[in-house]
Amino acid sequence: MGRGMLDVYTWEPNANSGKPLFCLTEKQVPFIHHYIDMGHYEQFSPEFLAINPDGTIPAIVHDGFVMTESTPAMEYIDDAFDGPALRPADPYRRWRMRQIMRYMDNIVAPSLAMIASNRLAAPRFVGRDPEELRRELDRIPLPERRASWEKLMFNATPPSDLEESRRRVSEAITRFDSLLSQSEWLAGDSYSLADINVFATFYGLPLSYPDEVTDAATPHLMRWLRRCHARPALQEALAMGRGFITQRAAELRRLLGVGEEMAA
Amino acid sequence: MIAFHHSPASTHSDSARIVLAEKALDHASHEVDLASFEQHEPAFLAINPSGMVPVLEDEGHRMTEAFFIMLYLDERFPDPALGGADPRARYQVQKWGKYVETHIAPHLVIVRWAERGGPLEQDRQQGFDRLPPERRALWQQAAAGFSAEEVSASREALARAAQRLSQDLEHGPWLAGADYTLADAAVFPHVEQFPALGIELPPAVQEWRARVAARPAVRAAMDGLKLLPVMGPERGRWG
């Protein structure tokens, strides 16, 4: 399929924003990167809502075809562009790859997002004018998103929800370590979309979960993280951030003893 | 030979059954009685610890999650091909497979439970302790009952999902465009329940529904509407 125009709208290169970027750099597909600053609610700006009326990030536009679901877009990128295959050929292995991504998308990533946003974003709203916060809430198109932001802004996430999220993340850490004790990569012998999906959310675990993710406790997960962080394509995409992610990735490489593969 | 564990009262089962029928795949059929909570019995939990249908067994592998089973069947038995003719159609297929999980099924179960559920007898709850925590939490919530706000929010979400379907049907007779695909099979059994729950379908969706329903494989796979109150997938995506 022809290259054509490829525009990618993301925030910092992690989580859902990281998924398409990591796939595109791995396949060495050129694209125009548009940085949407979620810190300034740019995802709710009229310009961005014209591209994605849901106001969610990322958005990928290929020759006028708009994609706003990150995991389906990962499959599209592997499907539509040349470069190394990021999905196993065997149908059962593919099932496994998709099952891992589903577990990540439905159970693990939302839990980590809840924990991280309560720790990092919630303090920003303390002491702010409630009327002003309400006006900001009204700009969020999707009701379920609005509900999550409301909890965050008014510090109303139930402690039991946070506790359950912590349990889910810990369980995922154990599960992935066990999976990686059986095979080199998450879906089998080759690097796949499952690795990219999990890495996009788990790349920073040795820093954020220093007691749980260590060479002693999770040797297989640590080996996998080192191999991921050493991939030039992931380093290239992690360098596309403007905020803390790029710095954090460099800090992680030092912590893990991974060399800088990139020239820059 | 393929073994297929399913229930006629499960919309997710129906989606996968449609694909088995479209491809005329011979298989051993194992029905699970959701009305008596057989899915929480140890015998079925040994097959799927989450206590969910459908489950597909093929070549020594055991697979769960209806949409991924459908993709597996299409990749392993490509005739007739239902995955979409080009990358754009295939993205649409993936998108609707995902939307069933995020925008449709979790809301459908809440509305259906509110209509048909009600208090759950104690003996029906015995299996909850055997479930993984995510599933147990969902069932306990259902047993306690969903609030009026939750039910009305889910009703609105389903109405919006119907609008999304209508928007995509502007581009062709099927959800992925020119050809009937897994997207149609994945969505259809769920939407089939909307009218009985009082959720209106836009004209384009009504016409699409008639097109899907007219397919011989769909007629063979769907044997009558059953609105059994059972839990679907957990709601993903936070924030």
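The structure presented is a predicted model; accordingly, all values stated were derived computationally and were not measured. Below, read A as the first sequence line, B as the second, and so on, with proteins coming before strands; counting in each chain starts at 1.
A distance of 4.5 Å separates OG1 of A/Thr71 from NZ of B/Lys98, quoted to the nearest 0.5 Å. Atom CG of A/Asp90 and atom NE2 of B/His61 lie 6.5 Å apart (nearest 0.5 Å).
For the set A/Ala73, A/Pro91, A/Ser165, the count of heavy-atom pairs under 4.5 angstrom toward chain B peaks at A/Pro91. Of the listed residues (B/Asp74, B/Ile69, B/Leu71), the greatest number of heavy-atom pairs within a distance under 4.5 Å of chain A belongs to B/Leu71.
For B/Tyr99, the part lying under 4.5 angstrom from a heavy atom of chain A is the side chain only. Heavy atoms of B/Lys95 lying under 4.5 Å from chain A belong to its backbone as well as its side chain. At a 4.5 Å heavy-atom cutoff, the contact between A/Asp54 and chain B is made by side-chain atoms alone. If you measure heavy-atom distances from A/Arg146 to chain B, you find no contacts under 4.5 Å at all. Interface residue B/Arg90: only side-chain heavy atoms are found under 4.5 Å from chain A. Heavy atoms closer than 4.5 Å to chain A are found in the backbone of B/Arg62, but not in its side chain.
The environment of B/Gln140 atom CD is dense: over 12 non-hydrogen atoms of other residues, nucleotides or ligands sit within 6.0 angstrom. Within a 6.0 Å sphere centred on CG of A/Asp189, heavy atoms belonging to other residues, nucleotides or ligands number 12 at most.
Relative ring orientation between A/Tyr76 and B/Tyr91 is described as perpendicular, the plane-to-plane angle rising above 60° on a 0-90° scale split at 30° and 60°.
Taking the side chain to side chain contact (heavy atoms under 4.5 Å, CB included) definition, one finds that B/Ala176 meets it with B/Ala89, B/Gln92, B/Val93, B/Thr181, sequence neighbours left out.
Judged by distance alone, with hydrogens and angles left aside, the side-chain atoms of A/Trp95 form a donor-acceptor pair with the main-chain N or O of B/Thr64 at under 3.5 Å.
Side-chain atoms of B/Glu134 and A/Glu171, non-hydrogen and from C-beta on, do get closer than 4.5 Å to each other. Residues B/Glu101 and A/Asn106 are in side-chain contact: their nearest non-hydrogen atoms beyond the backbone lie under 4.5 Å apart.
A salt bridge between A/Glu75 and B/Arg88 is absent, with no side-chain N of the basic residue lying under 4.0 Å from a carboxylate O of the acidic one.
For the residue pair A/Glu69 / B/Thr102, no side-chain donor-acceptor distance below 3.5 Å is found, with atom types taken as modelled.
Of all heavy-atom pairs spanning A/Arg98 and B/Phe68, the tightest one is O-CE1, 3.3 Å.
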